[in-house]
Each structure stands twice: as C-alpha cells, then as structure tokens.
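Read the structure below first, then the notes.
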Amino acid sequence: VQLQASGGGLVQAGGSLRLSCAATGSIGTRNTMGWYRQTPGKQRELAASKTSAGSTNHADSVKGRFTISRDNAKNTVHLQMNSLKPGDTAVYYCHVEVRSSYWERILNNYWGQGTQVTVSS
C-alpha cells in the first residue's frame, strides 16, 4: 500500500488549504484514514481521522476549523483546513490503519511521505 499526499503549502493566517491523500493497494473494508501532524521536537499528533464506517475524530485544537472527508470507493481522504493559524504549521502525514473484520485487531499501519503546511502571521 502506498499513500500519496498533496495539497500542502504556504498560506497566511486566516486562509485555507485542502490536503488530499490517495491510497493505492488494498486497505480492506475496515479501516481508518486520517491526518497526523508533527513539528520539530514534538511527537506526531492526530489532527483528524475518519473510519470506513463513517465515524470521525478531530483534535480539540482543530475542531470547528478542519473537516475530514473520505471517499471509500476511491480510497481517498481529504482535510479541509479553514481559519488557519500559525500554530497549525507542521508537516502533515496521511495515515491508514487497517483493521480485521470486526475491528478487533490492527492488521497494518501505513504512512504517507508528509506534506508541509506553513501558516504565516
């Protein structure tokens, strides 16, 4: 499985960006696609995720500003980022977690190459 991310860039505070990620290869029908972000010296943290069943999870810091969506048929996930702040500056990584039939086990984890998002003040 390969994850191809796109859409990062430089934007002024208050602006918007849309990240996209396409998974090639089999990721099954029970999975979570999401976006993590990381700044130098800090741990990678979840920004938002969405399961193939439709459940979403957004970090408190992005609620009301970021929206995750996905297309199960195309194995794509998108992150619409509005009202961006300098604190959102990070490398954003696409992530896929593949689960077993009843979601009880993690079968695989996949990471994209990362895309830089820079928000200027």
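FYI, the numbering just counts along the sequence from 1.
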Check: [Y] and [X] side chains under 4.5 Å, non-hydrogen atoms:
X	Y	result
Val1	Thr24	no
Met81	Arg18	no
Trp35	Cys21	yes
Ile27	Met33	yes
Leu17	Val117	yes

Between Ser69 and His78, does a side-chain hydrogen bond (donor to acceptor under 3.5 Å, both in side chains) hold up when you go through it step by step? CA-CA 5 Å; Ser69 62; His78 309 281; 5.2 Å; no
Side chain of [X], backbone of [Y]: donor and acceptor closer than 3.5 Å?
X	Y	value
Arg30	Trp103	no
Thr51	Gly54	yes
Arg65	Ser61	yes
Arg70	Lys50	yes

For the residue pair Trp111 and His95, categorise the inter-ring angle as parallel (less than 30°), tilted (30 to 60°) or perpendicular (more than 60°). tilted
Please work out which of the three classes, parallel, tilted or perpendicular, describes the rings of Tyr92 and Phe66, given edges at 30° and 60°. tilted
Indicate, with yes or no, if Val91 and Val11 share a hydrophobic cluster defined by side-chain heavy-atom contacts under 4.5 Å among Ile, Leu, Val, Met, Phe, Trp and Tyr. no
Cluster overlap Tyr110 with Leu107, hydrophobic side-chain contacts below 4.5 Å: yes
Within 6.0 angstrom of Glu104 CD, more than 12 heavy atoms from elsewhere: yes
Can you confirm whether the side chains of [X] and [Y] place a donor and an acceptor under 3.5 Å from each other?
X	Y	answer
Asn108	Arg99	no
Asp71	Thr76	no
Thr118	Gln116	yes

Single hit among Val77, Asn75, Leu3 for side-chain contact (heavy atoms from CB on, under 4.5 Å) with Val96: Leu3
Check the pair Arg37 / Asp88 against side-chain contact (heavy atoms from CB on, under 4.5 Å), numbers first and verdict last. CA-CA 9 Å; Arg37 62 186 187 181; Asp88 295 319; 3.0 Å; yes
NZ or CZ of Arg44 within 45° of Tyr93 ring axis and under 6.0 Å: yes
